[in-house]
Amino acid sequence: DAGVIQSPRHEVTEMGQEVTLRCKPISGHNSLFWYRQTMMRGLELLIYFNNNVPIDDSGMPEDRFSAKMPNASFSTLKIQPSEPRDSAVYFCASSLLGGAPDTQYFGPGTRLTVL
Amino acid sequence: DQQVKQNSPSLSVQEGRISILNCDYTNSMFDYFLWYKKYPAEGPTFLISISSIKDKNEDGRFTVFLNKSAKHLSLHIVPSQPGDSAVYFCAANSGYALNFGKGTSLLVTP
């Protein structure tokens, strides 16, 4: 299996621009997670999907952030408009079931820089 | 509020010796604990886990110990190898959510 695939790997954009991050989970996994990693806050959960349905989006920082999962093999995280404080590494992870003792498998991440 | 804490940001160990990485948590509802390993420019990869009903789990050179009364877990790597140099994240699971510590950067020197 190819593992979790994320694109792009690096994104540099200017403040105010729209940014779209993409994720392809492992085939057969029912749960998908978006995380953000910053120096200050570490790894924090942004949103959790189960069977393509958003279950918990309480970690999404504000309305500028939105996430979709139109089908079992694709998800997007969109930031509009982007701000310098959104600069971070964004990880997508998937798991078979979504609850313990399930293991989450992470993609390589997208490093976002907002100038 | 950080519910999982890794108080040592970095650790340096000689090759062949034991590496001990520590983790503390505050939420007694956590029922499953995991360690992830992360190399630069890669995503975290699962290493080892332990259920709250156990106090030890071993997998090759890696052993995780859980002390529920102290709300403390540790990861032991014996013997340490240069390829173990990475950032190690402790995570605690309650339901679907994984709560991560900020990581400990381990350097294993030859």
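Throughout, protein chains are lettered first and strands after them, A, B, ... in sequence-line order, and every chain is numbered starting at 1. Predicted, not measured: the structure shown is a model, and the values here were computed from it.
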Open item on the list: Would you say B:S49 and B:Y32 are linked by a side-chain donor-acceptor pair, where the criterion is simply a distance under 3.5 Å?
Closed with: yes
Rounded to the nearest 0.5 Å, the CZ atom of A:F65 sits from the CG atom of A:L21 at a distance of 9.0 Å
**Asked** What about B:H76 and B:F65, are their ring centers closer than 6.0 Å?
**Response** yes
The interface call for A:Q37 against chain B, heavy-atom contacts under 4.5 Å, is side chain
Within residues 10-25 of chain B, contacts to chain A at heavy-atom distances under 4.5 Å involve none
Original post:
Is there a side-chain contact between A:F91 and B:P44, using heavy atoms and a 4.5 Å cut-off?
Top reply: yes
Honestly, the part of A:R41 sitting under 4.5 Å from a heavy atom of chain B is backbone
Checklist line | Parallel, tilted or perpendicular, as decided by the 30° and 60° cut-offs, for the rings of A:Y48 and B:Y96 | finding: parallel
Between A:L112 and the options A:L77, A:I79, A:V89, the side chain to side chain contact (heavy atoms under 4.5 Å, CB included) test singles out A:I79
The residue among A:S95, A:S94, A:P25 that forms side chain to side chain contact (heavy atoms under 4.5 Å, CB included) with A:S31 is A:S95
